[in-house]
Asker: 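Below: one structure in structure tokens.
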Amino acid sequence: MPLLLGAALFLVAGCSGHTPSAPSAASTPAGAAGGPAGAAPVLLKSVDLHLPVETYLLSPDEQSRLDHAQALLVQRCMRRFGLPYEVGSGGTPVGPRDLMDRRYGVTDEAEARADGYHLGDRDPRTRPSVPRADLTSRQKLVLYGTQGGPAAAGATSVPRVNGAAVPPDGCAGEAHQVLVPADQPGSDDLARSTNGRTFTASRADPAVRKALARWSGCMKAKGYHYPDPLTAMDDKRFQGRTSNGPERAVATADVVCKQQTNLVGVWFTVESAMQKKVISQHTSQFAAMLAGKTKKLKAAAAVLAAS
């Protein structure tokens, strides 16, 4: 099954989680979100831009540090039971560099000429998956604990491995509790849902629709027929393990047309205004999110420093 790295890829920071209290970003009028396309600043690349909601979400690098800290904590816990648990080095990061990388499609002409819509050495399609060794029943018990098992069903005895009592949520739960205590406020559900909702809403904004139409007209003049950049990026011909000549040609034309129509500038301006509106309506929730994020990263840094 081909891995589509287009319209869904920008949500690397996630948009899952149901948040009924979040207002619909589509209610933001175009005039309040950047106004006419000509009023938007000229922005040629998206990778160096930062949407307001990014402040409250973990970047790929921050998430990687948090994941590594969690793995180290799990390893330490497993060793208390005399059980091995390997922690990988993580290797070279894969996927978009940040929330904005490829959010509006490819925007770097050099990258388009070299790799088309692929991500170069960060493309997961070029990375063979390395299966982990199967865990023994004892390793699974210590790693995941007794949730869903006999203890969760009302058994009074606590399982022991090599003389030590197994935590109810296992080493995985114990590690998570160190990094994200149960009483820590600041779930990032609202930030993640805002990230997804404003992207969808901004595509329907009149200013963005006009810019997309200009981009599509530019592409048509070059012999390519796509309604928007994400459709081009998701072209089934471009989903191979590596890029091909036609893909690189389309991607290069895509970037040139973005530059000529200032699509990135218009889109970013509109979506930024939408996100600022949501944040201003939920200041206490976003403040709690930022505090929670800061605490998680501080805890992860302490674990990594001690490793």
Side-chain angles (χ1 to χ4, degrees), residues 4-57 59 96-108 117 188-219 226-234 254-255 257-282 286 289:
L4 297 180
L5 295 180
L9 188 58
F10 77 92
L11 292 173
V12 60
C15 66
S16 61
H18 179 57
T19 312
S21 61
S24 171
S27 63
T28 304
V42 176
L43 302 172
L44 302 182
K45 294 182 181 180
S46 64
V47 69
D48 295 323
L49 302 176
H50 298 284
L51 285 167
V53 79
E54 283 188 76
T55 301
Y56 309 93
L57 295 169
S59 70
R97 287 163 286 192
D98 56 32
L99 181 69
M100 291 302 299
D101 190 10
R102 306 300 174 95
R103 188 173 185 89
Y104 307 136
V106 62
T107 59
D108 187 296
Y117 292 111
D188 64 358
D189 284 354
L190 178 57
R192 290 187 290 114
S193 64
T194 298
N195 175 48
R197 291 177 183 181
T198 58
F199 178 81
T200 301
S202 64
R203 291 181 73 177
D205 181 273
V208 176
R209 290 176 63 184
K210 289 178 181 178
L212 287 170
R214 291 194 299 273
W215 175 90
S216 184
C218 175
M219 291 291 284
Y226 298 101
D228 58 65
L230 303 182
T231 303
M233 190 158 58
D234 281 346
D254 176 349
V255 175
C257 285
K258 284 191 178 84
Q259 295 170 348
Q260 292 179 359
T261 61
N262 193 29
L263 175 58
V264 174
V266 173
W267 204 339
F268 177 77
T269 300
V270 168
E271 189 173 12
S272 291
M274 290 181 172
Q275 291 192 358
K276 287 177 181 177
K277 181 178 180 180
V278 175
I279 293 170
S280 70
Q281 293 172 337
H282 300 270
F286 277 94
M289 277 182 247

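All of these numbers come straight from a predicted model, not from anything done at the bench.
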Asker: Between M274 and K277, does a side chain to side chain contact (heavy atoms under 4.5 Å, CB included) hold up when you go through it step by step?
Answerer: CA-CA 5 Å; M274 290 181 172; K277 181 178 180 180; 5.8 Å; no

Asker: Does the S216 side chain pair with the main chain of Y226, one donor and one acceptor, at a distance under 3.5 Å?
Answerer: yes

Asker: Give, for atom CG of D98 and atom CG of L57, the distance between the pair rounded to the nearest 0.5 Å.
Answerer: 12.0 Å

Asker: Where do N262 and A40 come nearest, in terms of heavy atoms and distance?
Answerer: ND2-O, 3.6 Å

Asker: D228: what forms a side-chain hydrogen bond (donor to acceptor under 3.5 Å, both in side chains) with it, not counting sequence neighbours?
Answerer: R203, T231

Asker: Could you pull out all residues at least two apart from R209 that satisfy side chain to side chain contact (heavy atoms under 4.5 Å, CB included)?
Answerer: none

Asker: Please round to the nearest 0.5 Å and tell me the distance separating atom NZ of K210 and atom CG of L212.
Answerer: 12.5 Å

Asker: Regarding D205 and W267, is there a side-chain donor-to-acceptor distance under 3.5 Å anywhere?
Answerer: no

Asker: With rounding to the nearest 0.5 angstrom, report the CG to CH2 distance, D254 to W215.
Answerer: 5.0 Å

Asker: In chain order, what residues pass the ring pair (Phe, Tyr, Trp, His ring centres under 6.0 Å) check against F286, with sequence neighbours excluded?
Answerer: Y56

Asker: Do K258 and T107 make a side-chain contact, defined as non-hydrogen atoms from C-beta onward lying under 4.5 Å apart?
Answerer: yes

Asker: How many angstroms lie between CG in L43 and CD in Q259, if you round to the nearest 0.5 Å?
Answerer: 12.0 Å

Asker: Nearest 0.5 Å please: distance from the CE atom of M289 over to the CG atom of L190.
Answerer: 4.0 Å

Asker: Counting distance only, does the side-chain N/O of Q275 pair as donor-acceptor with the main-chain N or O of V53 below 3.5 Å?
Answerer: yes

Asker: Identify the two heavy atoms, one from A207 and one from V266, that lie closest to each other, and give their separation to 0.1 Å.
Answerer: O-CG1, 3.6 Å

Asker: Before you tell me yes or no, could you show the steps for R103 and S46 under side chain to side chain contact (heavy atoms under 4.5 Å, CB included), namely the whole-Å CA-CA distance, both residues' side-chain angles and the distance that decides it to 0.1 Å?
Answerer: CA-CA 8 Å; R103 188 173 185 89; S46 64; 5.6 Å; no

Asker: Tell me the closest heavy-atom pair linking M233 and Y117, and the distance in Å.
Answerer: CG-CD2, 3.7 Å

Asker: Determine, step by step, whether T55 and I279 satisfy the side chain to side chain contact (heavy atoms under 4.5 Å, CB included) criterion, reporting the C-alpha distance in whole Å, the side-chain angles of both residues, the deciding distance to 0.1 Å, and the verdict.
Answerer: CA-CA 11 Å; T55 301; I279 293 170; over 6 Å; no

Asker: Once rounded to the nearest 0.5 Å, what's the spacing between atom CD of E54 and atom CG of L51?
Answerer: 5.5 Å

